[in-house]
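Below: one structure, written as structure tokens.
Please read all numbers here as calculations on a predicted model, not as lab measurements. The sequence lines fix the lettering, A, B, ..., with proteins before strands; numbering per chain opens at 1. What's counted below: heavy atoms across the whole structure, side chains too, no hydrogens, waters or symmetry copies.
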Protein chains: 2
Amino acid sequence: MGHRHGQGVTIEAQRLRAGSDVPGGRRKQRVSMADVARLAGVSSQTVSRVANGQAGVVESTREQVLTAMRELGYRPNSAARSLRYGRFNTIGVILFGLASTGNSRTVEAIATHAAAEGYAITLIPVGMPTQDNVLGAFTRMGELAVDGVILIIEVHLLDAAAVTLPPGVHVVVVDSDAGDRYPVVDTDQADGARQAVRHLLDLGHRTVHHVAGPAESYAAERRTGAWRTVLEESGRPVPPVERGDWSADSGYHAGLRLAADPSCTAVFAANDQMALGVLRALHESGRQVPAEVSVVGFDDIADASSYLPPLTTVHQDFAEVGRRCVHLLLDQIHQEPTPPGTDLVPTTLIPRASTAPPP
Amino acid sequence: MGHRHGQGVTIEAQRLRAGSDVPGGRRKQRVSMADVARLAGVSSQTVSRVANGQAGVVESTREQVLTAMRELGYRPNSAARSLRYGRFNTIGVILFGLASTGNSRTVEAIATHAAAEGYAITLIPVGMPTQDNVLGAFTRMGELAVDGVILIIEVHLLDAAAVTLPPGVHVVVVDSDAGDRYPVVDTDQADGARQAVRHLLDLGHRTVHHVAGPAESYAAERRTGAWRTVLEESGRPVPPVERGDWSADSGYHAGLRLAADPSCTAVFAANDQMALGVLRALHESGRQVPAEVSVVGFDDIADASSYLPPLTTVHQDFAEVGRRCVHLLLDQIHQEPTPPGTDLVPTTLIPRASTAPPP
DNA sequence: CTCGAAATTGTTAACGTAAACATCCGTGGA
DNA sequence: TCCACGGATGTTTACGTTAACAATTTCGAG
């Protein structure tokens, strides 16, 4: 019963598309299944079946519904879907900033893999890494349309705020030692640092100086720890640590201090940017790299191979970290809870032109 | 009427928190307003009023509701809210990747400003910049829980896909010449390039060589155009363009070719990374910077001041671009539609040590 | 002490979707 | 010929929230 296709369809469609009764033609309300159903002359349940590709709809009906959808420009309402299904198909990513290469590459990988699994990602930036801010982010997150969260944050801060982590929210943490409480994915910082230091020792250097990252960073802490361990195990003297803040500029200042020390022939910088600063400091101090001083970085950022000289560094597989985060989190969401523990992504030393035997 | 506080509350709360009837204690269902209402002995509307801080709730009731909320760990369901209100408080950001410094810094600024306005941001990465992928992103976006979209994409591709841009979706575009169809926010590429080239000419160089970005990029196109214009207006010879792909490596190869040309005394690279490659090529070819050759970059990335030598470059205010994107989009969402047009963010030349008068 | 206005709280309905169940139709076997 | 069955489609309901309206309580003025 009822009218089929023909003129009626188009007119009705135009009425709906124009936004019924709204002057100016601006649509006030989106097209819903009911609208499509009315136009196609079926029930909204049938529209639902077509939209979800379910069986049990005869071809002719299906065709009609599809036409009506196209006619009206129907797009499903994800809020209603989320409400119905009780999930959002969205992953939240909490971080301090995208400024560091590592973070942005990890996030990119997360976004890509999440998309492949049908999940969108929502960025939750935390301004200053104060505890209040972290707490705020967690509170907001609780209300956020998110099925799980990936925390890319130095977890010192998380420690205090942890109590407020809403129960029932799935979490994966990157770059932290919270492995006893949450599933953690991280680069094998210690092994990377070990490779870097051994490489320099193997070249014949008596010992290796170290430009460390900020004290609050677990990654920095672990790289420094491994550096110290290798030296101690090899019975080498352990020079005092120069501390930077990941920036090239801080590396430069540390480098100036190191350049003043004639006994310094090998430097392990905790990241590539600080290594860049060290290179500049050595150059300005008239010390040749690698002839007089060798330098190793960490991260293998894209530019490292173009430094002067091209930088020997430890390659970090950020993409893999992102991939594992997503899969660990999705396992947690879909299946049984993942036990806490740390999933380590291996690193590789990339020898380039900034290292050589001591003079 | 009915029971108040006391033992009953806690027991009921525990039952709910534990996830009624689910063995193993894992809650299957989140706490809803109805649960809180039941525990507090009020209607769910009252809970709603308390949750939204509305007036007209007597202090004692309010207290009771808040207690119940805390007891149960209630958190509002944003899907239901979105459905009710017809908006998501979320902005989508479509981009090819976070790899480039510019993109990640713009996204960071977008995220920050969006958060300040109560909006979350959803990342929609597009793998390869093929038209199919862009189309796919747009389709997904249509179904996405998003009130508006910021497109950080070379819009050559958008051109073909534009027809499918769902009507009624608010858009702001970054870095494109789509200003006649959408509101666009962009760095003043042309002026930045002009400043760079003029700086070199003012130093006394006869002409300026150019390492351009990829042909598909509007930003690259505009920088190249301005470079050419300034030279022509000044009656200088216009050397052939060396084309790179934004990477330091491509800059290196371009630099090797330039280094072979003894008449080349000034180079304007379309971004800092390619400038880095040029510096390396010149160094390896034995040509001094800036004594023999001057180099200018574009972007002013964090590391540029630590290059050898520290790079003279054009500072781009990515944070401001992000800020304007968000506000333009929110204006569009909240108020009347914004007319198409381009909003230009000014640039500044930062003179450092890589430029000097010709030998 | 009574009445009515104001303040507080409760009830109903709707947002768009989809599972669960109900209904209708035609077909084939007894 | 009739009935049972299965496939196609329709109807009802619930997800969690809140606007709009209804009901109830409180309090002050006369």
Side-chain angles (χ1 to χ4, degrees), chain A residues 1-2 4 16 27-65 68-69 72-89 142-147 168, chain B residues 1-2 4 16 27-66 68-69 72-89 142-145 147 168:
Chain A
M1 50 205 73
R4 284 280 141 95
L16 267 167
R27 173 154 78 265
K28 279 291 173 205
Q29 201 155 317
R30 271 181 51 158
V31 180
S32 77
M33 281 191 167
D35 298 321
V36 176
R38 205 170 316 130
L39 177 57
V42 300
S43 77
S44 53
Q45 182 58 53
T46 300
V47 177
S48 169
R49 283 190 263 256
V50 172
N52 295 27
Q54 287 180 17
V57 179
V58 107
E59 188 53 28
S60 63
T61 310
R62 183 189 172 65
E63 223 31 86
Q64 250 174 80
V65 171
M69 280 180 169
L72 296 177
Y74 167 77
R75 283 171 297 130
N77 179 317
S78 58
R81 271 206 172 137
S82 292
L83 180 58
R84 186 86 243 282
Y85 285 129
R87 58 195 162 74
F88 302 98
N89 275 5
E143 315 180 4
L144 232 45
V146 151
D147 302 311
Chain B
M1 52 204 70
R4 284 281 141 95
L16 268 168
R27 174 156 77 266
K28 280 293 176 207
Q29 200 155 317
R30 271 181 51 157
V31 180
S32 77
M33 281 192 166
D35 297 322
V36 176
R38 205 169 314 127
L39 176 56
V42 300
S43 77
S44 53
Q45 182 56 52
T46 299
V47 177
S48 168
R49 283 192 263 257
V50 171
N52 294 25
Q54 287 179 15
V57 179
V58 105
E59 188 52 30
S60 62
T61 311
R62 182 188 173 64
E63 223 29 86
Q64 250 175 80
V65 171
L66 287 174
M69 280 179 170
L72 296 176
Y74 167 77
R75 283 171 297 127
N77 180 317
S78 58
R81 272 203 173 142
S82 292
L83 180 58
R84 187 84 243 284
Y85 286 130
R87 59 198 159 71
F88 302 99
N89 274 5
E143 314 181 4
L144 231 44
D147 302 310

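To the nearest angstrom, C1' of D:dC15 lies 13 Å from CG of A:N77. Across the protein-nucleic acid pair, B:F88 atom CZ and C:dG16 atom C1' stand 10 Å apart, rounded to whole Å. One atom, CE of A:M33, and another, C1' of C:dA14, lie 17 Å apart when rounded to the nearest Å. D:dT17 atom P lies 11 Å from atom CZ of B:R75, rounded to whole Å. A:R38 has its CZ atom 11 Å from the P atom of C:dG16, to the nearest Å. Between A:R81 atom CZ and C:dA18 atom C1' there is a gap of 9 Å when expressed in whole angstrom units. The distance between atom CG of B:D35 and atom P of D:dT17, rounded to the nearest whole Å, is 9 Å.
Judged as a side chain to side chain donor-acceptor pair (under 3.5 Å), and not counting sequence neighbours, A:R84 has no contacts. Checked against side chain to side chain donor-acceptor pair (under 3.5 Å), A:N77 has no partners two or more places apart in sequence or in another chain. In this structure, the side chain to side chain donor-acceptor pair (under 3.5 Å) partners of A:T46, at least two apart in sequence or on a different chain, are A:S43.
Set against D:dT9, C:dT9, D:dG16, the side chain of B:V58 has C:dT9 as its closest nucleotide. Listed nucleotides: D:dG10, D:dT17, C:dT17. Nearest to the side chain of B:P76: D:dT17. Distances from the side chain of A:V57 to the nucleotides D:dT9, C:dT17, C:dG10 place D:dT9 closest. If you check C:dT9, D:dT17, D:dT9 against the side chain of B:Y74, the one that comes closest is D:dT17.
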Give each protein N/O atom lying under 3.5 Å from an N/O atom of nucleotides 19-22 of chain D, with the pair distance.
from	atom 1	to	atom 2	distance (Å)
D:dA19	O4'	B:R84	NH1	3.3
D:dA19	N7	B:Q45	OE1	3.4
D:dA19	N6	B:Q45	OE1	2.7

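Inter-axis angle, ends of the helix from C:dC1-D:dG30 to C:dA30-D:dT1, five pairs per end, rounded to 10 degrees: 60°.
Both B:L83 and B:G56 sit near DNA chain C, but only B:G56 has its closest nucleotide nearer the 5' end. Where B:S43 and B:A80 each meet DNA chain C at their nearest nucleotide, the meeting point lying more 5' is that of B:S43.
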Which donor-acceptor pairs under 3.5 Å do side chains of residues 47-59 of chain A form with protein atoms, sequence neighbours excluded?
from	atom 1	to	atom 2	distance (Å)
A:N52	OD1	A:R81	NH2	3.3

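Among the heavy atoms of the strands, none lies under 4.0 Å from A:S82.
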